[in-house]
Engineer: 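My questions all concern the structure below.
Below, chains carry the letters A, B, ... as their sequence lines are ordered, and counting in each starts from 1.
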There are 2 protein chains.
Amino acid sequence: MSGFLGTYNVSLDDKGRFNVPAKFRAVLEREYGSHLVVTAMSHYLIVFPQPEWEINRERLKGLDPFDKDDRDKKRKISSRAVECEIKSGKILIPGTHRDIADLDKEVVLVGSFESFEIWSRKKWDEIKDAE
Amino acid sequence: MSGFLGTYNVSLDDKGRFNVPAKFRAVLEREYGSHLVVTAMSHYLIVFPQPEWEINRERLKGLDPFDKDDRDKKRKISSRAVECEIKSGKILIPGTHRDIADLDKEVVLVGSFESFEIWSRKKWDEIKDAE
DNA sequence: ACACTTTATGACACTATGAGACACAATCCT
DNA sequence: AGGATTGTGTCTCATAGTGTCATAAAGTGT
């Protein structure tokens, strides 16, 4: 109902996974499912439940695969995304995406209603009070 | 479900093949099959699963065979297309097409929902951050 | 405040994946 | 035919990803 709320400090295990906080897990179980799409912004990642992501995708369906502008538009979105799944309560962020967002052990999850974000603790500390 | 997503650095073996990333392979197995059509754009290749290619072909059928622009577009697409198949988990890009896209050892696969693209690492690095 | 339940961390063994290599088959080219 | 080039099957190894458990920490009810 109320979506992803709050800020959580979590830590990645030796393989780059983290436990989804119980509150977030509850949202996923109630409203969505275990399939997620993670997309990279410059300094952080956004995690969409698959059904939310699907809404974006629908808008891109009609585009012409042989038209340059249409392709560019699609590529920009799809190239930075990756499908993930919650397995044994954990999510693995692929290495490529960990690198983009510069994640090390300490990361911060930030709820944003129908999606949530993943920040490195360092970057988050820098921006959280700014504005 | 969500099509080809993400960016993968892969390397061609001594014969010009590459392993299809597991995520892409899963999409192909779930939604399409192992038959592909590869077509060359100016600086990269586009790989369509055969069923997707068929859909686009239907679209091109609507074009006017006596209109110059329409003919040009059709010719451009058909003349540079080639059928490929995944064999032992790998795709071989024919030499002709490797040349067109200027592929050497390091290539980048870029998902684009119902198709994916093959770039030389060099070209990709040039354009990936550009707008 | 206590026992009990749930949640998060870290560790470890195991599996899957992608790179590279090599032998072999098919095709092409005079 | 013979040799070069192009394509195919298969194997090994390092690394990335997965399942599971023990322990620690946090949260819940009485």
Engineer: Looking at A/D104 and A/R98, does any basic side-chain N land under 4.0 Å from a carboxylate oxygen?
Structural biologist: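 Salt bridge: no.
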Engineer: I want to check one thing: is the phosphate of D/dT8, taken as OP1 and OP2, less than 4.0 Å away from some side-chain N or O of B/K87?
Structural biologist: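 For D/dT8, OP1/OP2 do have a side-chain N/O of B/K87 under 4.0 Å.
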Engineer: In this structure, how many angstroms lie between the C1' atom of D/dT18 and the NZ atom of B/K23, rounded?
Structural biologist: 12 Å
Engineer: When the distance from OH of B/Y8 to P of C/dA19 is rounded to whole Å, what number comes out?
Structural biologist: 12 Å
Engineer: Measure from CG on A/D14 to C1' on D/dT18 and round the result to the nearest Å.
Structural biologist: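 A/D14 atom CG is separated from D/dT18 atom C1' by 11 Å.
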Engineer: Give a yes or no on whether a salt bridge exists between B/E117 and A/R71, defined as a side-chain N under 4.0 angstrom from a carboxylate O.
Structural biologist: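 Answer for the salt bridge query: yes.
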Engineer: Name the residue closer to the 5' end of DNA chain C, choosing between A/D13 and A/V20 according to the nucleotide with the nearest heavy atom.
Structural biologist: A/V20
Engineer: Which nucleotide wins on minimum distance to the side chain of A/S88, given the candidates C/dG18, C/dG20, D/dT20?
Structural biologist: D/dT20
Engineer: Which nucleotide, D/dT8, D/dT20, D/dG17, lies nearest any side-chain atom of A/K90?
Structural biologist: D/dT20
Engineer: State which of D/dG7, C/dT7, C/dA19 makes the closest approach to the side chain of B/P94.
Structural biologist: D/dG7
Engineer: Measure CD/A/E106 against P/C/dA8 and give the value in whole Å, please.
Structural biologist: 15 Å
Engineer: Tell me the interatomic distance from B/D99, atom CG, to D/dT5, atom C1', rounded to whole angstroms.
Structural biologist: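 It works out to 13 Å between those atoms.
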Engineer: Can a salt bridge be assigned to the pair B/D125 and B/K128 using a cut-off of 4.0 Å between side-chain N and carboxylate O?
Structural biologist: yes
Engineer: Output yes when A/R57 and B/E114 qualify as a salt bridge under the 4.0 Å nitrogen-oxygen rule, no when they do not.
Structural biologist: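 The answer is yes: the pair qualifies as a salt bridge.
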Engineer: Please pick, from D/dT18, C/dG10, D/dT8, the nucleotide with the shortest atom-to-atom distance to any side-chain atom of A/K15.
Structural biologist: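 Nucleotide nearest to A/K15's side chain: D/dT18.
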Engineer: Could you please name the option among D/dG17, C/dA8, D/dT20 that lies closest to any side-chain atom of A/P21?
Structural biologist: C/dA8
Engineer: From CD of B/E83 over to P of D/dG7, roughly how many Å is that when rounded to an integer?
Structural biologist: 15 Å
Engineer: Taking only N and O in the side chain of A/S11, is any of them less than 4.0 Å away from OP1 or OP2 of C/dA8?
Structural biologist: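 No, A/S11 has no side-chain N/O under 4.0 Å of OP1/OP2 on C/dA8.
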Engineer: Using a heavy-atom cut-off of under 4.0 Å over every strand shown, decide if A/K105 touches base, sugar-phosphate, or nothing.
Structural biologist: sugar-phosphate
Engineer: B/R17 has a side chain; which of C/dC24, D/dT10, C/dT17 sits nearest to it?
Structural biologist: D/dT10
Engineer: I'd like to know if B/K68 and B/D72 make a salt bridge, using a cut-off of under 4.0 Å between side-chain N and carboxylate O.
Structural biologist: yes
Engineer: From CG of B/N19 over to P of D/dC13, roughly how many Å is that when rounded to an integer?
Structural biologist: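 In whole Å, D/dC13 P lies 17 Å from B/N19 CG.
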Engineer: What is the separation between atom CZ on A/F18 and atom P on D/dG19, rounded to the nearest whole Å?
Structural biologist: 16 Å
Engineer: Nearest to the side chain of A/R25, heavy atoms from C-beta on, is which of C/dA8, D/dT8, C/dG18?
Structural biologist: C/dA8
